[in-house]
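These numbers were taken from a predicted model, which means no experiment stands behind them.
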Amino acid sequence: MADTEVEIVDPNDELGLETAIVHALARSRGGVPTPARDANHITSLLKAANVSSWSTFVKLAKCVEVFAKEGVLEITPYQNLGGSDGFEPMTESVTHLTEDVTGLGASVLKALVVAK
């Protein structure tokens with residue numbers, strides 16, 4: 001689920017990226033209702049990416065998911081299939097870390113290299 005809080009991090013700042021991810025995980029929660037079709041919940045994301053439309057964003061985007069469960073962080077790169085098909089997880093490239101977050105920034109940067 002897209003969050004209205006977007007953090008911009010220098011791509012060379014592993015610790016800054018790690019901190020931003022930890023903050024995002026702290027804000028995450030279950031049971032969030034699906035937004036209405038006309039809800040504008042991605043405006044801040046488009047603004048941060050300096051694009052004017054979702055279509056442009058998707059064409060340029062790389063996606064990596066960080067999922068926390070039972071003391072383990074799962075880092076999954078995704079393949080970009082385009083605006084109409086979305087993103088597909090690259091399950092063969094999943095990385096697992098303990099939830100102490102050591103190396104999280106570096107692992108996510110590596111996953112972004114793998115993501116297509």
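Here the CD atom belonging to Glu14 is positioned 11.5 Å from the OG1 atom belonging to Thr19, to the nearest 0.5 angstrom. Atom NZ of Lys116 sits about 5.5 Å away from atom CD of Gln79, to the nearest 0.5 Å. Note that OG of Ser107 and CD1 of Ile21 are 9.0 Å apart. Values are rounded to the nearest 0.5 Å.
Open room surrounds CG on Asn50; 12 or fewer heavy atoms of other groups in view lie less than 6.0 Å from it.
Within the 4.5 Å cutoff, the side chain of Leu25 has no heavy atoms near those of the Phe67 side chain. Using a 4.5 Å cut-off on side-chain heavy atoms (C-beta onward), Val101 and Leu73 make contact. The closest side-chain heavy-atom distance from Val64 to Ile75 is below 4.5 Å.
One hydrophobic cluster, built from ILVMFWY side chains closer than 4.5 Å, holds both Phe57 and Leu60. Under the 4.5 Å side-chain heavy-atom criterion for Ile, Leu, Val, Met, Phe, Trp and Tyr, Val51 and Trp54 are members of the same hydrophobic cluster.
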Checklist line | Residues Val72, Leu97; criterion side chain to side chain contact (heavy atoms under 4.5 Å, CB included); working and verdict | finding: CA-CA 6 Å; Val72 175; Leu97 296 175; over 6 Å; no

Item checked: Test log, rule side chain to side chain contact (heavy atoms under 4.5 Å, CB included), inputs Glu7 and His23 -> CA-CA 9 Å; Glu7 293 187 50; His23 288 157; 3.6 Å; yes

Next item on the list: Could you go through the side chain to side chain contact (heavy atoms under 4.5 Å, CB included) check for Ser53 and Leu46 one step at a time?
Entry: CA-CA 7 Å; Ser53 70; Leu46 297 179; 5.7 Å; no

Note to self: Under the criterion side chain to side chain contact (heavy atoms under 4.5 Å, CB included), I'd like the reasoning laid out for Leu17 against Val108: C-alpha separation, chi angles, the key distance, then a yes or no.
What the structure shows: CA-CA 8 Å; Leu17 178 59; Val108 169; 3.9 Å; yes

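The backbone N or O of Leu112 sits less than 3.5 Å from a side-chain atom of Lys62, completing a donor-acceptor pair. Distance alone, capped at 3.5 Å, is enough to place a donor-acceptor pair between the Glu18 side chain and the Leu104 backbone. Without hydrogens or angle criteria, Asn80 side chain to Val58 main chain gives a donor-acceptor distance under 3.5 Å.
Listed here is the closest heavy atom pair of Val9 and Ala20: CG2-CB, 3.8 Å. Nearest heavy atoms, Pro77 versus Ala111: CB-O, 3.5 Å. Heavy atoms only, all atoms of each residue included: Met90 and Val114 are closest at CE-O, 3.6 Å.
No hydrogens or angles considered: nothing links the side chains of Tyr78 and Glu88 as a donor-acceptor pair under 3.5 Å.
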